[in-house]
Amino acid sequence: MAVATQIPYLLRAARGEKLNRPPVWMMRQAGRYMKAYRELRDKYPSFRERSENVDLAVEISLQPFRAFQPDGVILFSDILTPLPGIGIPFDIVESKGPIIQPPIRTLEQIENLRPLEPEVSMPFIREILQILRREVGERATVLGFVGAPWTLAAYAIEGKSSKDYTVIKSMAFNEPTILHKFLSKLADAIAIYTCYQIESGAQVVQIFDSWAGQLSPQDYETFALPYQQRVISQVKAIHPDTPLILYIYGSAGILERMALSGVDIVSIDWTVDMAEARTRLGANIGVQGNIDPCALFGSKDFIRDRIIETIRKAGLRGHILNLGHGVLPTTPEENVAFFFETAKHADELLAGSA
Ligand code: CP3
């Protein structure tokens, strides 16, 4: 007799099923707000080692799963992880963030980039995802993630985190042909990488175009959206049933345009009202979010009220409860625990406060 395999809860929501409560996970749920993570970081100070050593990356991915039982377990990695594989080395420096030296500034550098061969340059990703699937079974959904071309290009060209993106925008507005060439190469590499994650066990993949919200709507349509579409159409051609989520920070002005990317779910930040986002996006697209990460510095009553309000506004079909951006490093761990505990009993709270 065939063994009935249960579809994990988050995947059911991602496929549009109506549920009694939304599934819940947190962007950056593995990280510095957790004491267990800080202890490991002190022992292994290199971010690249923590994310590229299979045992360490598996352990870190599972720390929040063991502590809070979220419905989603995200691979511990970074959006920059595939870059060395195409010829762009990087490092992550404590309190500075990502550093790319030398930054990508010329056509010659772009022409010298290699196509991505994940099995050659990053086989650790396959191992990590395979182990995560085995470890969590049907108790949670394993999420992969990638950076979108515009955001990866922003890091590679600026060379570090930026406030105003003057270098990449100068290239966009003065030498667009060079930038388009780079964005095309990144899109093809990221499509290959997304498929590799899916083939290695990722059941849902989130695409982070975190800094596309820095573009005017017109420039979003020129430099970000077409390359999101290029990644998504290539992935959907091979894996049509794997739900894809798109996150942009500061997306209130471009929500409708995000839906044109071809993703299944749009992840929104807290500057948009969830009910208005639903109206603007329409019934055919799911939503994720959108509680202010700073809500976790509020009282327990405050956190509970925000969870209930967000769920009421989103409705019970096609919503994944999350923060509107990553959990902040100084967040009290106890409040994260309370957030998950409350969210996982939201069906009772919704019935009680109806
Ligand atoms: O969600 C998870 O738990 C998975 C972990 C994850 C990391 N980076 C680990 C990480 C994810 C999903 C990312 C994605 C990522 N990386 C994004 C998109 C998400 C977003 O925040 O908009 C971006 C823009 C990056 C680039 C990046 N990596 C930055 C800006 C930084 C420094 C941020 C900081 O707060 O210092 C990193 C480093 C990084 N990546 C850390 C973690 C946990 C912090 C460094 C550390 O723990 O040593």
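Each ligand, and each atom within it, is numbered from 1 in the order the structure gives.
- For Phe223 and Phe182, the ring centers are positioned 6.0 Å apart or more.
- The ligand atoms of ligand 1 that sit less than 4.0 angstrom from a heavy atom of Met27 are 1 (O).
- Scanning the protein for heavy atoms near atom 11 (C) of ligand 1, the closest one is Phe145 CZ, 3.5 Å.
- The backbone of Leu75, and not its side chain, has at least one atom closer than 4.0 Å to an atom of ligand 1 (non-hydrogen atoms only; backbone = N, CA, C, O).
- For ligand 1, the polar-atom distance check against Tyr37 finds a nitrogen or oxygen pair separated by under 3.5 Å.
- The pair Glu59-Arg66 counts as a salt bridge, with a side-chain nitrogen and a carboxylate oxygen less than 4.0 angstrom apart.
- Between Met26 and Val336 there is a side-chain heavy-atom pair separated by less than 4.5 Å.
- Nearest protein heavy-atom neighbour of atom 42 (C) of ligand 1: Phe47 CE1, 3.6 Å.
- Near Gln29, with a cut-off below 4.0 Å to any heavy atom, the atoms of ligand 1 are 1 (O), 2 (C), 3 (O).
- Here the OG-CG distance, from Ser121 to Leu116, works out to 4.5 Å after rounding to the nearest 0.5 Å.
- If you check each of Ala148, Ser210, Ser77, Pro98 against atom 5 (C) of ligand 1, the one with the closest non-hydrogen atom is Ser77.
- The distance from ligand 1 to the heavy atoms of Ile92 drops below 4.0 Å at these ligand atoms: 28 (N), 37 (C), 38 (C).
- When each atom of ligand 1 is checked for a heavy atom of Phe208 under 4.0 Å away, the hits are 12 (C), 18 (C), 19 (C).
- Annotation: Ala30 places an N or O atom under 3.5 Å from an N or O atom of ligand 1; distance criterion only.
- In this structure, His325 counts as a contact residue of ligand 1, since one of its heavy atoms falls inside 4.0 Å of the ligand.
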Would you please test Glu221 and Arg257 for salt bridge (Lys or Arg N to Asp or Glu O under 4.0 Å) and show each step? CA-CA 8 Å; Glu221 286 178 356; Arg257 289 174 176 85; 2.7 Å; yes

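- Closest to atom 32 (C) of ligand 1, if we only count protein heavy atoms, is Gly97 CA, 3.9 Å.
- Checked by atom type and distance alone, the side chain of Arg317 never pairs as donor or acceptor with a backbone atom of Glu17 at under 3.5 Å.
- For Arg48 and Phe90, the positive end sits near the middle of the six-membered ring, less than 6.0 Å away and at most 45° from its axis.
- In this structure, Ile86 and Ile88 have side chains that are in contact, with non-hydrogen atoms separated by less than 4.5 Å.
- For the side-chain contact (heavy atoms from CB on, under 4.5 Å) criterion with Asn290, the lone passing option out of Thr271, Leu321, Thr310, Asn322 is Thr310.
- Using a 4.0 Å cut-off between heavy atoms, Tyr155 contacts ligand 1 through its side chain alone, with no backbone atom that close.
- Taking 4.0 Å as the cut-off, Tyr249 does not count as a neighbour of ligand 1 on heavy-atom distance.
- When only non-hydrogen protein atoms are considered, atom 15 (C) of ligand 1 lies nearest to Arg28 NH2, 3.4 Å.
- Looking from atom 43 (C) of ligand 1 to the surrounding protein, the closest heavy atom is Phe76 CE1, 3.8 Å.
- Nearest non-hydrogen protein atom to atom 36 (O) of ligand 1 is Arg32 NH2, 3.1 Å.
- At least one N or O atom of Asp78 sits closer than 3.5 Å to an N or O atom of ligand 1.
- Not a single donor-acceptor pair under 3.5 Å links the side chain of Asn53 to the backbone N or O of Glu49.
- Residue contacts with ligand 1 for Arg50 involve side-chain atoms from C-beta outward but no N, CA, C or O (heavy atoms, distance under 4.0 Å).
- In terms of protein heavy-atom proximity, atom 23 (C) of ligand 1 is nearest to Ile79 CD1, 3.5 Å.
- At distances below 3.5 Å, not a single donor-acceptor pair connects side-chain atoms of Gln288 with backbone N or O atoms of Val266.
- Panel note: side chain Ser61, backbone Phe76; a donor-acceptor pair is recorded below 3.5 Å.
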